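Worksheet: one structure, shown below.
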Amino acid sequence: MTAAAEGRSAPGDLCLVLHAHLPFVRHPEHPRFLEEDWLFEAITETYLPLLEALERLVDDCVPFRLALSISPTLAAMLDDPLLQDRYLVHLDDRIDLAAREVSRTRLIPPLHALARSYHRIFRRTRRRYAERYGRRLLPAFRALQETGAVELITCGATHGFLPLMSRRPNTWRAQIHVAVAEHARHFGRPPSGLWLPECGYDRGIEEILHEAGLRYFFVETHGITRASPPPRWEVHEPLRTPSGVAAFGRDPDSAASVWSARDGYPGDPRYREFYRDVGFDLEYGYLRPYLHGDGARTGLGIKYYRITGGHGPKQPYDFGRAAERAAMHAEDFLEKRKRRLAELRGRMDRPPLIVAPYDAELFGHWWFEGPIWIEELLRRAARDADAIRLVTPSEHLGRTPEQATGLPCPSSWGRGGFAEVWLNDRNDWIYPHLHRAEGRLVELANRFARSAPAPPAERALSQAARELLLAQSSDWAFIIGMGTMVDYATGRIEAHLGRFDMLVRALLEERIDERALSEFEEKDNLFPSLDYRVFADRI
Amino acid sequence: MVRDPYWLHAYWEVTPRSLRRARESLGEGWDGHRWILRVHVYPGGEPRASADHFDVALNPDARNWYLRVPHPSSAYEGSIGLLARDGTYYPLARSERVRTPGTEVEETADLHWDLHAETEVAAPATDRIGRELPSSESVLGFGASETLQSGEAPSSGDVTRPPGEGDVRFTAEAELILYGSTEPDARLTIQGKPVALRRDGTFTVRFQLPDGLQRIPCSATSADGRVRRTIDLVVERRTDFRTEGPEDAGR
């Protein structure tokens with residue numbers, strides 16, 4: 001079938017985008033570390049279930065399409081041998097607790113059945129992680145990319161919120177170029193697109209994306225509807241920026257189906273209740289061996305109840321009924337998108353597009369049944385190819401040679417739609433420190449790039465660049481703004497900027513302490529091929 | 001920095017040296033001076049020569065400020081400085097020009113943004129102007145936690161409701177710990193299921209205890225299988241709920 005004929009046969013394109021990201025958390029200096037659990041829980045609840053769902057679709061020859069962004073910090077952690085070992089220790093703990101739960105719940109049949117399910121799930125998770133993948137998940141994602149069904153894309157190197165950075169475009173260039181290089185290193189080819197951290201867009205970013213060889217990025221809805229000028233079909237067609245890089249706008253209806261507090265799918269009473277976890281519910285002495293050093297209660301990944309609704313006691317969770325519900329919700333989502341595409345098709349002179357991006361960790365971690373929903377959605381959409389066509393962003397661009405041109409409006413997908421989540425009275429103290437370091441690094445990069453610094457100076461500069469990038473992660477400002485793990489996030493900014501200052505001072509005084517430098521390199525060991533010159537001006 | 005179409009954030013630090021220079025320059029005008037943030041406005045972003053400006057009075061100890069600005073999609077340039085009583089303005093530090101995003105369709109290109117001062121590194125924020133949301137049709141919640149928390153997912157204990165006004169959260173649960181000892185090489189079953197012994201022949205099993213009568217037969221069989229001893233435990237749990245207080249409490 002020719003492209004044109006194909007274009008006529010399907011009323012429109014659906015582009016599902018998942019953005020997987022966690023901040024770099026790795027503490028070799030402690031035997032166990034609470035915040036490392038973020039990664040471990042996401043592997044158990046999101047990344048492995050997602051891989052399994054997508055691999056099953058490939059095995060069943062389902063012709064699906066999906067774009068998946070894997071942030072460079074997440075990729076670095078998934079590829080790190082220390083964290084891989086620790087994940088297995090973490091899983092062994094969970095398996096042990098689940099085994100005790102099987103015994104403890106014996107007098108209460110519904111809970112007993114659930115405890116057995118968790119025990120089975122954790123053991124299976126361990127087998128898959130250790131044996132099937134040999135602890136390495138990145139090659140598994142890469143293999144999915146090779147099938148053509150999944151388009152892997154990247155994100156900012158450390159998920160820095162670009163609109164609040166100083167010394168642009170140098171700082172933007174560092175976040176973007178380092179990400180592209182890391183992506184190519186992990187996945188064997190450069191990415192075609194980039195997920196802007198928090199969808200944070202400001203004008204000029206598209207030029208750096210172009211320079212880095214990227215073809216597209218994503219913005220929040222009003223980034224397109226308030227663009228200069230907005231494209232005629234708003235978020236239902238890509239907007240080509242003057243640099244040639246395309247901007248895709250988030251479809252607000254697709255977002256609402258999932259995110260709406262009132263009628264979003266994850267709030268369904270049959271779904272698993274996130275906040276009821278044995279770590280908070282059970283007797284303290286029994287749990288103590290599974291808690292971290294400080295003994296604070298924390299989620300332990302065994303959750304017996306469903307959301308239930310109303311004010312009565314929570315009802316026990318039922319895997320089967322929840323899975324049925326997820327399939328229904330997938331059907332509902334698909335029907336709504338089909339209806340919308342049919343409407344648009346009647347009016348538009350090109351194949352209409354719906355872009356539905358989500359945080360990957362929503363699926364499985366927050367919304368336990370999310371991976372089932374995705375699998376069901378992709379399966380059903382593939383069966384319905386006459387009414388809806390799953391596409392990757394590259395495929396859609398390839399099929400719509402004539403694109404509207406313009407510049408998106410500065411925007412983000414955070415509350416308020418701009419920068420207030422990362423800039424408010426709780427976290428604004430960060431920026432003078434970050435901006436000072438950004439200014440200093442750009443200045444040093446310019447100065448040293450012209451000479452050929454001795455190897456220790458070269459290493460110190462590149463490590464200083466790593467420390468600055470880590471301090472820039474939007475996660476810290478977000479956490480401090482939300483008032484959750486404030487001490488940890490504050491400590492991280494202080495630690496990275498402290499190391500940055502030490503390195504810069506040593507460099508300027510020509511007294512580089514190679515032991516301290518090696519220690520920092522071992523601690524913050526991501527981006528092994530990073531070169532500080534990425535921060536220098538380009539002539 | 002631009003926070004949204006209606007709010008900018010500025011930070012600065014003024015060195016003692018530049019303050020000394022200001023004092024020398026203002027001379028007698030120094031007495032009764034006020035600190036201000038002077039903001040030049042370029043509506044629509046046009047860099048016209050005669051831009052409007054407005055002043056914001058600052059607390060001399062402030063190191064940063066949230067600034068309400070009148071026009072989305074416009075360019076702003078700020079400086080902080082001293083305003084003498086006779087109206088003489090002595091600027092101490094100037095920002096780059098920044099541009100707010102639009103709330104509607106707009107056409108012009110962008111400029112840079114950042115407030116720069118002679119030296120940087122400011123203290124944590126102490127001053128604050130309240131926030132205001134821009135009108136945005138696409139504010140759909142940022143993170144899953146936020147959305148789920150406000151959704152239909154109250155997090156409550158097993159036998160209570162989420163606390164309403166004046167209510168009190170309360171849960172009470174009961175577990176049964178069954179323990180004992182036998183010969184280290186004996187085989188132990190509880191309710192017919194084999195249970196592992198510690199090396200010294202002791203054992204501990206805990207059960208979450210539901211309401212009702214539980215019969216829990218425990219049997220130990222000697223290693224050679226010739227002797228079997230049984231202990232039958234019968235336990236009953238009954239749970240009643242009561243709420244006292246205003247009529248609607250806990251409803």
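Here is the naming used below: chain letters follow the sequence lines, and residue numbers restart at 1 for every chain. We use all heavy atoms of the structure for the numbers below, so side chains are in, but hydrogens, waters and symmetry mates are not. This is a predicted model, so every value here is computed, not measured.
- Remark: side-chain polar atoms of A:R226 are paired, donor with acceptor, to backbone N or O of B:T103 under 3.5 angstrom.
- By the side chain to side chain contact (heavy atoms under 4.5 Å, CB included) test, B:R215 is found to be paired with B:L213, B:V234, residues two or more places apart in sequence or in another chain being considered.
- Here A:L282 contributes atom CG and B:E175 contributes atom CD; the two are 6.0 Å apart, rounded to the nearest 0.5 Å.
- Residue B:L176 holds its CG atom at 7.0 Å from CG of A:L107, rounded to the nearest 0.5 Å.
- In this structure, the separation between CZ on B:R206 and OG1 on A:T105 is 12.5 Å, given to the nearest 0.5 Å.
- Side-chain contact of A:Y431 with B:H9: a donor-acceptor pair under 3.5 Å is absent, judged by distance alone.
- Rounding to the nearest 0.5 Å gives a distance of 9.0 Å between OG1 of B:T100 and CZ of A:F418.
- Annotation for B:L233: atom CG counts as buried by contact number, over 12 foreign heavy atoms lying within 6.0 Å.
- To the nearest 0.5 Å, atoms CZ (A:R104) and CG (B:L209) are separated by 11.0 Å.
- With a 4.5 angstrom heavy-atom cutoff, A:I430 does not touch chain B via any of its atoms.
- The environment of CZ in A:R297 is crowded: more than 12 heavy-atom neighbours from other residues, nucleotides or ligands sit within 6.0 Å.
- Within the model, atoms CZ of A:R106 and CZ of B:F207 stand 4.5 Å from one another, a figure rounded to the nearest 0.5 Å.
- Minimum heavy-atom separation, B:V2 to A:A419: O-CB, 3.7 Å.
- Counting only N and O atoms by type, the side chains of B:Y66 and A:N424 include no donor and acceptor under 3.5 Å apart.
- More than 12 heavy-atom neighbours from other residues, nucleotides or ligands sit within 6.0 angstrom of OH on A:Y284.
- Neither the backbone nor the side chain of A:Y271 has a heavy atom closer than 4.5 Å to any heavy atom of chain B.
- A:C409 and B:P101 get closest at one heavy-atom pair: SG-CB, 3.9 Å.
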